[in-house]
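Presented below is the structure to which this report refers.
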Amino acid sequence: MEEDDTPTRAVARGGGGYERLGRISLKVVRGPAAGRVVQVPISRGQPIRGGRSETCDVVLRDDDQISGVHFSLHFEPAGAVLRDLGSTNGVYVHEVRVREAIIELDTVFRVGETELQLTAAERVVVPLSAKDHFGELYGWCPEMRELFDELERVAAMPSSALRVLITGETGTGKELVARGLHDRSERAQQPFVVLDCSTVPRELAEAIVLGYGRGAFTHAAPEQPGVFEQAHRGTLFLDELGELPLDLQPKLLRVLERGEVTRFNERNKVRKVDVRVICATNRDLQQMVSDGRFRSDLYFRVYGKHIALPSLRERGDDVVLLADRFLRAMGQSLGVPPKQLTAAARDALRAAQWPGNVRQLKLVIECAAQLTPGPTIDVRDLHLGPSEAARRDRLDASPLLSLRWDEAQVGFQREYFKALMQRVGTRRGWINRAAELAGMDRSGFVKALKRLGLYRNAMEDAADDA
Ligand SMILES: Nc1ncnc2c1ncn2[C@@H]1O[C@H](COP(=O)(O)OP(=O)(O)OP(=O)(O)O)[C@@H](O)[C@H]1O
């Protein structure tokens, strides 16, 4: 890779395009597939993965020393970052086992008995949308404007022709993308139905997805159409698809393939449905397929066009522009001039990590706008969490009384939920147990985790879907 030009950094070019790394070539220099050259297109911000699993970008089926999803190459400003994705036999560079290493062009690395060489990294100019939004999803950085261009092209296709899988961390706007695609499709006047698979109780999942006939649960229970029937002629957005129970996956696949639903207790009655399904997940479906936790046939059925949303941390100054937008919207809805952020507050927004992404930003800004009496919002009004120094001071002094009431509440809620999760552990069914202990219903519990930015880590730690 050229030293003066990093592979992933977008270079603004004007004229509606920008330049970024677009394709790499890997050559197999030793091993069962020696001589093979693999060219892999690089999607915006996405790592490429290699392994024996058919879901990988570089499929190395012939070497049985290689794991299902073995390694990734991520292109960052510093260079190409090679990572071991928890493989059994490791990743080696110059015969040194590495978990993570920055590699140069022409570097040879070994996985299993296969040696691979990164032989080329080509740059491409990609088009940017002239617009700063797609539906309600706003963004100004090149990564988002490239995304809007992609979305505009997807939206222009007949809706049933293209399957869409949206990925991204919690709060990055996956539902807004699905909604935007629906609103621009010929189905716009028909229902848009959302099912968050993470909030569906396992024992009711089939009945909720496929519906049930009269008397399914108690004698008097009325019939209830499932989400496919509810979305007939419209769009069904299956959020958090990775949470769908394994035993329901073949049934979902059947509906997607045949366009037919059989309700839970109506074995012989088939109902035709015409539904566009858009799926989203913040889980690593490729890894789940490789681990046998997600069916590969369903994965390929839903994969289609992959729309990957960047985290808020990767969107540069968008964090401040979005904050201004939320403030303007609040001002408008209250009929008052919008509050202004001080320079220090803007810097603090840029420096924050945003595990809950835009959802968390919106909440922080809305709270600050409501609770700050004056026309300007400063750093302390944002309650972004203390800097290290401030944290130390606070430990020396009276810890609780140095916090404002609203700040203390958020802090307390986070600590409460963390303690709760530690208490129940991460075995199957942990969400239900934790929600029960907290005296909350499951969906309220999941929403609270998301609001506090704890959801993603919790799901990563958990074996709830195992
Ligand atoms: N780019 C954006 N512009 C404006 N608002 C946004 C943007 N992204 C997200 N939001 C807002 O953030 C909140 C969360 O968005 P959304 O529900 O679409 O995220 P998500 O990725 O589907 O989250 P989850 O994975 O937790 O379901 C919503 O209030 C949405 O309006």
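Both ligands and their constituent atoms are indexed starting at 1 by order of listing.
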Atom CZ of residue position R99 - does it have more than 12 heavy atoms of other residues, nucleotides or ligands inside 6.0 Å?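 No - once you tally the heavy atoms of other residues, nucleotides and ligands closer than 6.0 Å, there are 12 at most.
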Heavy-atom neighbours of R350 CZ exceed 12 at 6.0 Å: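 Yes, the 6.0 Å shell around CZ holds more than 12 heavy atoms from other groups.
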For [atom], grab the closest protein heavy atom and report residue, atom and distance to one decimal in Å.
{"atom": "atom 23 (O) of ligand 1", "value": "G171 N, 3.0 Å"}
{"atom": "atom 4 (C) of ligand 1", "value": "E136 O, 3.4 Å"}
{"atom": "atom 25 (O) of ligand 1", "value": "K174 NZ, 2.7 Å"}
{"atom": "atom 26 (O) of ligand 1", "value": "T170 OG1, 2.5 Å"}
{"atom": "atom 16 (P) of ligand 1", "value": "G173 CA, 3.8 Å"}

Identify whether the distance between the nearest side-chain nitrogen and carboxylate oxygen of E19 and R123 falls below 4.0 Å.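 Yes, charged N to carboxylate O under 4.0 Å.
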Any Lys/Arg nitrogen of D132 or R325 sitting under 4.0 Å from an Asp/Glu carboxylate oxygen of the other?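 No, D132 and R325 are not salt-bridged.
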Considering [options] one by one, which has a heavy atom nearer to [atom] than any of the others?
{"atom": "atom 30 (C) of ligand 1", "options": "V358, L176, D239, L309", "value": "L176"}
{"atom": "atom 5 (N) of ligand 1", "options": "Y455, Y138, F326", "value": "F326"}
{"atom": "atom 12 (O) of ligand 1", "options": "R325, Q360, R359", "value": "R359"}
{"atom": "atom 29 (O) of ligand 1", "options": "R179, E175, K362, K450", "value": "K362"}

Sidechain-backbone polar pair: S67 side chain, T88 backbone, donor-acceptor under 3.5 Å: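 Checked: pair present.
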Would you mind running through ligand 1 and noting each atom that sits below 4.0 Å from a heavy atom of R315?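 Selected atoms, number and element: 1 (N).
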Are any of the side-chain heavy atoms of R44 and E150 separated by less than 4.5 Å?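 Yes, at least one pair of side-chain atoms sits under 4.5 Å.
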So, T172 and E169: side-chain donor and acceptor under 3.5 Å apart, yes or no?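 Per modelled atom types, T172 and E169 side chains form no pair under 3.5 Å.
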So, N357 and S311: side-chain donor and acceptor under 3.5 Å apart, yes or no?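 The criterion, which ignores hydrogens and geometry beyond distance, is not satisfied for S311 and N357.
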Let me confirm one number: the CG-CD distance from D274 to Q190, rounded to the nearest 0.5 Å.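 Answer for the CG-CD pair, D274 versus Q190, is 9.0 Å.
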Just let me know how L322 lines up against ligand 1, side chain, backbone, both or neither, with a heavy-atom cut-off below 4.0 Å.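 Under 4.0 Å from ligand 1, L322 contributes side-chain atoms alone.
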Please verify whether a non-hydrogen atom of H133 lies at under 4.0 Å from ligand 1.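 False for this residue.
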Below 3.5 Å, N or O to N or O, backbone or side chain included: is there any such pair between N282 and ligand 1?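 The answer is no, given that N282 and ligand 1 share no N or O pair closer than 3.5 Å.
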